[in-house]
Asker: 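Quick one: the structure is below, and I'll ask about it shortly.
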Amino acid sequence: TFNSGNFISSAANPLIFNNGVTETGGNDSSHVVGPVVKYGNQPFTFPLGDSVKYFPASITGPANTTDEFSASFIPHNPTADGYDTASRAPTLQRVTSRGYWDIQRKAGASNVSVTLGYHFPLGAITDPTTLSVAHWNGTLWEDLGNGGVTGNDTVGSVMTATVVSSFSPFTIGSSSALNVLPVTLISFDAAKQGTQ
C-alpha cells in the first residue's frame, strides 16, 4: 500500500510484484520512480510516476501465472530517445512530448489491453474522448485507439481499443488538434533583427 513517499527503483533493482500480489494507493505523493516488474495473471496497475506526479499504467490480466511484464514512466520528451513525436499515424493529430511509458512483455505470449494515466496542466486537453493510446512501432507512433476514458480534462486515463501484441514505448496521442497536449521545448533558433 502506497501512503507517502516515492520508491526509487532501477533497471538493476526493479520493484517486483509476484503472482497474486496487488498494489493500492498509488498517488502523486507516493508511487514508484523507476521500473516495476509484475509476474502473474491478474490485471495490474503499475504505480508509476515522475518525482512529482503519478502516471500509472495498467494491463488486463495475462493468460498465465508465469507471464512477466515490466513498465516504467520516462519523464522526458520521447524524441530525445529516438521516438520522434512528429512521426505519427495520419489519425493522430498530436502525440504528447511530456513523457512516455516503456511497457515490455518479458516472459509469456499474452496479449493485454493497456491503459495509461495522464496528469496534464489545465488547457492541454479539451476533449478527452478524442485521446488515444499511441505506440512506437519502430518507425512511427501508431494509433491504438480509445477503448474508454476516465477522469476529466486534467487527470484521467485512456485505454487501448483492442489488446496489444507488440510492446515498446507507449504514450498519449489525440485524434483532435483541439487537444494541444503538453509539449517540451527541445530547441529554438534566434536571429538578430537590426538592433533587436
Side-chain angles (χ1 to χ4, degrees), residues 1-62 67-83 85 95-107 112-125 128 131 133-136 141 149-160 164 167-173 181-186:
T1 301
F2 288 82
N3 291 315
S4 66
N6 291 337
F7 187 97
I8 310 300
S9 65
S10 67
N13 295 291
L15 180 59
I16 298 172
F17 289 83
N18 287 318
N19 185 47
V21 177
T22 59
E23 70 80 26
T24 58
N27 56 69
D28 283 346
S29 59
S30 187
H31 52 264
V32 180
V33 179
V36 172
V37 172
K38 174 65 172 113
Y39 294 95
N41 60 353
Q42 302 87 22
F44 186 72
T45 297
F46 294 88
L48 305 169
D50 61 15
S51 59
V52 178
K53 298 291 183 188
Y54 183 51
F55 291 96
S58 301
I59 58 172
T60 53
D67 286 353
E68 175 188 355
F69 283 81
S70 69
S72 55
F73 179 71
I74 314 299
H76 59 258
N77 193 323
T79 301
D81 292 339
Y83 313 121
T85 57
V95 173
T96 184
S97 63
R98 170 63 181 86
Y100 64 96
W101 293 260
D102 185 14
I103 303 172
Q104 300 289 332
R105 181 177 56 199
K106 308 292 263 181
V112 296
S113 294
V114 171
T115 301
L116 304 177
Y118 60 84
H119 198 134
F120 292 151
L122 189 63
I125 298 173
L131 294 178
V133 174
H135 171 251
W136 183 256
W141 290 98
V149 293
T150 65
N152 54 44
D153 293 355
T154 56
V155 179
S157 67
V158 58
M159 179 177 167
T160 56
V164 177
F167 296 87
S168 58
F170 293 82
T171 197
I172 294 176
L181 300 179
V183 295
T184 303
L185 184 65
I186 297 175

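Keep in mind that the numbers below use all heavy atoms, side chains included, and drop hydrogens, waters and symmetry copies. Keep in mind that what you see is a predicted model, and the values were worked out from it rather than measured.
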Asker: Please tell me if the side chains of Pro128 and Asp153 come closer than 4.5 Å, counting only heavy atoms from C-beta onward.
Answerer: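 They are in side-chain contact.
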
Asker: Where is the tightest heavy-atom contact between Pro14 and Ser9, given as atom of each residue plus distance?
Answerer: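 The answer is CA-CB, 4.0 Å.
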
Asker: Roughly how far apart are Ile74 CD1 and Phe170 CZ, rounded to 0.5 Å?
Answerer: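 The distance works out to 13.5 Å.
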
Asker: Taking all non-hydrogen atoms of both residues into account, name the closest pair between Ser168 and Gln104 and its distance.
Answerer: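 Between these two residues, the closest heavy atoms are CA-NE2, 3.5 Å.
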
Asker: Where is the tightest heavy-atom contact between Pro35 and Ala11, given as atom of each residue plus distance?
Answerer: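 Closest pair (atom of Pro35, atom of Ala11, distance): CG-N, 3.7 Å.
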
Asker: If you take the centroid of each ring, where Trp contributes its six-membered ring, are Phe69 and Phe167 closer together than 6.0 Å?
Answerer: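 Between Phe167 and Phe69, the centre distance is under 6.0 Å.
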
Asker: Could you check whether any side-chain N or O of Ser97 sits under 3.5 Å from a backbone N or O of Asn77, counting only pairs where one atom can act as donor and the other as acceptor?
Answerer: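 No, the answer is negative, given that no donor and acceptor are paired below the 3.5 Å cut-off.
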
Asker: Kindly say whether Asn18 contributes a backbone atom to a donor-acceptor pair with the side chain of Lys38 at under 3.5 angstrom?
Answerer: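 Answer holds: yes.
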
Asker: Verify, without hydrogens or angle tests, whether Gln42 (side chain) and Gly20 (backbone) share a donor-acceptor contact under 3.5 angstrom.
Answerer: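 Here the side-chain-to-backbone pair exists.
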
Asker: May I ask you to decide if His31's main-chain N or O and Asn6's side chain share a donor-acceptor pair within less than 3.5 Å?
Answerer: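 Here the side-chain-to-backbone pair exists.
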
Asker: Within the distance-only criterion (no hydrogens, no angle test), does the side chain of Thr160 pair as donor or acceptor with the backbone N or O of Val114 below 3.5 angstrom?
Answerer: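 Yes.
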
Asker: Apply side-chain contact (heavy atoms from CB on, under 4.5 Å) to the pair Val32 and Phe2, showing each step before the final yes or no.
Answerer: CA-CA 9 Å; Val32 180; Phe2 288 82; 3.8 Å; yes

Asker: Search all heavy atoms of Pro62 against all heavy atoms of Ile59 and return the closest pair with its distance.
Answerer: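 Here Pro62 and Ile59 meet closest at CG-CD1, 4.3 Å.
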
Asker: Report the C-alpha distance between Asp81 and His76 in whole Å, list the side-chain angles of each, state the deciding distance to 0.1 Å, and finish with yes or no for side-chain contact (heavy atoms from CB on, under 4.5 Å).
Answerer: CA-CA 9 Å; Asp81 292 339; His76 59 258; 2.7 Å; yes

Asker: Would you say the side chain of Ile103 lies within less than 4.5 Å of the side chain of Leu116, judging by non-hydrogen atoms?
Answerer: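 They are in side-chain contact.
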
Asker: Do side-chain atoms of Ser29 reach the backbone of Ser4 as a donor and acceptor pair under 3.5 angstrom?
Answerer: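 Judged by distance alone, no pair lies under 3.5 Å.
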
Asker: Any idea which heavy atoms bring Gly5 and Ser30 closest together, and the distance?
Answerer: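 For Gly5 and Ser30, the tightest heavy-atom pair comes out as O-OG, 2.9 Å.
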
Asker: Within the side chain of Asp28, is there an N or O that forms a donor-acceptor pair under 3.5 Å with the backbone of Tyr54?
Answerer: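 Pair found, side chain donor or acceptor close to backbone of Tyr54.
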
Asker: Can you confirm whether Ile172 sits close enough to Trp101 that some side-chain heavy atom of one is under 4.5 Å from a side-chain heavy atom of the other?
Answerer: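 Touching, per the 4.5 Å side-chain cut-off.
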
Asker: Describe, in one word, how the ring planes of Phe120 and Tyr118 are oriented to each other, choosing from parallel (under 30°), tilted (30 to 60°) and perpendicular (over 60°).
Answerer: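 Rings of Phe120 and Tyr118: parallel, as their planes differ by under 30°.
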
Asker: Mind checking whether Arg98 and Asp50 have side chains closer than 4.5 Å, heavy atoms only?
Answerer: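 Yes; the side chains approach each other to less than 4.5 Å.
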
Asker: Does Thr60 use its side chain to pair, donor to acceptor, with the backbone of Ser113 at less than 3.5 Å?
Answerer: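 Judged by distance alone, yes, a pair lies under 3.5 Å.
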
Asker: Can you say whether the rings of Phe73 and Phe55 are parallel (under 30°), tilted (30 to 60°) or perpendicular (over 60°)?
Answerer: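 Phe73 and Phe55: parallel rings.
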
Asker: Check the orientation of Phe44 and Phe17. Use parallel for under 30°, tilted for 30 to 60°, and perpendicular for over 60°.
Answerer: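 Phe44 vs Phe17 ring planes: tilted.
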
Asker: With the side chain counted from C-beta on, respond yes when Asn41 and Asp67 share a heavy-atom pair under 4.5 Å apart, and no when they do not.
Answerer: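 Heavy-atom side-chain distance check fails, nothing below 4.5 Å.
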
Asker: Could you walk me through whether Trp136 and Asp102 pass the side-chain contact (heavy atoms from CB on, under 4.5 Å) check?
Answerer: CA-CA 10 Å; Trp136 183 256; Asp102 185 14; over 6 Å; no

Asker: Please check: side-chain N/O of Trp141 versus main-chain N/O of Tyr83, any donor-acceptor pairing under 3.5 Å?
Answerer: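 Side chain of Trp141 to backbone of Tyr83, a donor-acceptor pair under 3.5 Å: yes, one is there.
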
Asker: Do you know which two heavy atoms are closest between Leu131 and Val158, and how far apart they sit?
Answerer: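 Scanning both residues, the minimum pair turns out to be O-CG2, 3.9 Å.
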
Asker: Drop me the distance from Leu15's CG to Ser72's OG, to the nearest 0.5 angstrom.
Answerer: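 Here the interatomic distance stands at 12.5 Å.
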
